[in-house]
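This report refers to the structure that appears directly beneath it.
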Amino acid sequence: MVPTVEWKDGVVRLLDQSRLPTQVEFLDCRDYRAVAQAIRELKVRGAPAIGVTAAMGVALGAHGVAASDYDAFAKAVGEICDHLAASRPTAVNLFWAIARMKRKMATLKTQPIPQIKAELVRESQAILDEDIALCKAMGTEGAHVIGDGQTVLTHCNAGALATAGYGTALGVIRAAWEQGKKIHVIADETRPVLQGARLTAWELMQDKIPVTLITDNMAGSLMRQGKIQVCVVGADRIAANGDVANKIGTYSVAVLARAHGIPFYVAAPYSTIDLATKTGADIPIEERNPLEVTSIHGSHPVAPEGVAVYNPAFDVTPAEFVTGIITERGIFKPGDLAGVFGAERPAG
Ligand SMILES: CSC[C@H]1O[C@H](OP(=O)(O)O)[C@H](O)[C@@H]1O
């Protein structure tokens, strides 16, 4: 797989996911505002991926700060962090990564500014490396939920393209495949931005993992026919009570899975678990440009000019519909997360 995001010769290089699957193109961001714009425009997307990208955006922005004393430097970097934090509201990884970069900077206040700048780059790369390791650990912990010969449904893209590499839900699927299991993946196209059609299908075909693309409204019928044995999806924010915010349509998949007695798993690293948010009702849900619904890629209208549109990018699946949360430390009941992750993880 081509890297989703990387620090390359002093710029933040992104695989431009808005061009996939027809074009594999890269976007070199030379300032933090370009990084924020790329996150806003879904050129890079996926909770862990935008966390890593925002961290690199902080390091990139810090490089451009001319201040010679720590307080002025920290103030300028704080403004850069605020700009990046305003790019998208739902994925908690964005805020987790920015807070981690701020904490790192605070530990360096006695260092020369050039040293601090170099350390911030290193911290952003550490976040990238950690994310890949977390995804692979999730794969190891979660692969057993997909049996040999089974068909697994996934929604949106929670793959290498949504992370620093390997993926969360697709990491579990990759691990099951790498264990030699004859699995088959059903990928929801995931209207309106089509992350399933454009990204998940592309990723799995790159790895020669059998995948069948369906439209979102087919999932229930396939479940009723007994053609799906398990569902595994990603997450953008998991509240303290185990409610899960994920791509719009996830709630429908979860309810359909429950109705058909199909296990429904969510794969997410600790950086997606937000114990400061009590329930799903407290998770901010991003509403996006109506053009995403009324056109394909901003052209080819598929609805009449001026029609009213509601375009929330995410929905919330209550914890009761989640069989288990697959994390790098194991699989937990949604309600047990606070006990498992509460102690070690600093807020935000
Ligand atoms: C592994 S997190 C991926 C998560 O992010 C996606 O949203 P978007 O493409 O808008 O960033 C979707 O909710 C995925 O499940």
Side-chain angles (χ1 to χ4, degrees), residues 1 4-5 14-18 20 36 38-54 87-97 128 131-132 134-139 142 153-174 187-200 202-203 216 231-238 243-254 264-274 280 283-289 292-293 311-317 322 325-328:
M1 274 297 294
T4 305
V5 52
L14 303 172
L15 171 61
D16 183 348
Q17 298 188 36
S18 68
L20 290 174
I39 292 171
R40 235 182 348 264
E41 296 178 353
L42 309 190
K43 294 184 186 302
V44 58
R45 33 62 51 202
I50 64 178
V52 172
T53 302
S87 55
R88 294 186 77 188
T90 304
V92 70
N93 309 64
L94 177 74
F95 309 99
W96 168 84
L128 183 149
D131 185 64
I132 294 174
L134 291 169
C135 285
K136 291 189 172 170
M138 265 180 274
L153 180 138
T154 193
H155 190 72
C156 195
N157 172 262
L161 293 170
T163 63
Y166 203 71
T168 57
L170 294 197
V172 170
I173 287 168
R174 279 193 169 95
D188 280 349
E189 64 171 352
T190 315
R191 284 269 305 155
V193 179
L194 302 174
Q195 289 93 331
R198 294 188 303 110
L199 307 177
T200 294
W202 182 80
E203 260 198 63
D216 299 329
C231 300
V232 183
V233 302
D236 291 83
R237 189 183 304 222
I238 302 174
D243 290 349
V244 175
N246 196 51
K247 184 51 55 201
I248 188 73
T250 303
Y251 173 63
S252 307
V253 171
F264 178 85
Y265 288 95
V266 173
Y270 80 100
S271 47
T272 303
I273 298 168
D274 177 13
I283 299 175
I285 299 296
E286 177 185 17
E287 288 194 35
R288 293 189 60 86
N289 188 329
E292 292 180 351
V293 176
N311 184 21
F314 303 99
D315 59 25
V316 173
T317 299
V322 179
I325 308 269
I326 300 169
T327 75
E328 64 279 5

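Hydrogens, waters and symmetry mates are skipped; everything else that's a heavy atom, side chains included, is used. The model shown is predicted, which means the values in this text are computed figures rather than measured ones. Counting starts at 1 for both ligands and their atoms, following the listed order. FYI, the numbering just counts along the sequence from 1.
- Of all the heavy atoms in Val253 and Phe264, the pair that sits closest is CG1-CE1, 3.8 Å.
- Near Ala47, meaning under 4.0 Å from any of its heavy atoms, are these atoms of ligand 1: 2 (S), 3 (C), 5 (O).
- Using a 4.0 Å cut-off between charged side-chain N and carboxylate O, Glu286 and Arg288 make a salt bridge.
- Here His155 has no heavy atoms under 4.0 Å from ligand 1, in either its backbone or its side chain.
- For atom 7 (O) of ligand 1, the candidate residues are Arg88, Lys247, Met138; the nearest heavy-atom contact is made by Lys247.
- Of all atoms in ligand 1, numbered sequentially from 1 with element shown, those under 4.0 Å from a heavy atom of Ala158 are 1 (C).
- Looking at Arg45, Glu286, Arg288 and measuring to atom 9 (O) of ligand 1, the nearest heavy atom belongs to Arg45.
- Asn246 has its side chain out of reach of Val266: every pair of non-hydrogen atoms, C-beta onward, lies at least 4.5 Å apart.
- Looking only at heavy atoms of the protein, atom 5 (O) of ligand 1 is closest to Asp236 OD2, 3.1 Å.
- Proximity to Gln195 (heavy-atom distance under 4.0 Å) selects the following atoms of ligand 1: 8 (P), 9 (O), 10 (O).
- Contacts between Asn157 and ligand 1, counted as non-hydrogen atom pairs separated by less than 4.0 Å, involve the backbone only.
- Of the protein's non-hydrogen atoms, Thr168 OG1, 3.2 Å is the one closest to atom 1 (C) of ligand 1.
- Each of the atoms 1 (C), 3 (C) of ligand 1 lies under 4.0 Å from some heavy atom of Ala162.
- The one candidate from Thr163, Thr272, Asp236 that meets the side-chain hydrogen bond (donor to acceptor under 3.5 Å, both in side chains) condition with Asn93 is Thr272.
- Of the charged side-chain nitrogens involved, at least one lies within less than 4.0 Å of a carboxylate oxygen, so that Arg237 and Asp274 count as a salt-bridged pair.
- Note on Glu203 versus Arg198: no salt bridge recorded, every NZ/NE/NH1/NH2 to OD/OE distance being 4.0 Å or above.
- Interface atoms of ligand 1 facing Ala235, defined by a heavy-atom separation under 4.0 Å, are 2 (S).
- Contact annotation: the side chain of Thr168 approaches that of Pro269 to within less than 4.5 Å [non-hydrogen atoms, C-beta and beyond].
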task: Using the side-chain hydrogen bond (donor to acceptor under 3.5 Å, both in side chains) rule, take Arg45 and Gln17 through it: C-alpha gap first, then chi angles, then the decisive distance, then the call.
output: CA-CA 8 Å; Arg45 33 62 51 202; Gln17 298 188 36; 3.0 Å; yes

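- Heavy atoms of Pro48 found under 4.0 angstrom from ligand 1 belong exclusively to the side chain.
- For atom 15 (O) of ligand 1, the nearest protein heavy atom (residue, atom name, distance) is Asn246 OD1, 2.5 Å.
- For the pair Ile285/Val316, a side-chain contact is recorded, criterion being any heavy-atom separation below 4.5 Å from C-beta on.
- Of all atoms in ligand 1, numbered sequentially from 1 with element shown, those under 4.0 Å from a heavy atom of Cys156 are 6 (C), 12 (C), 14 (C).
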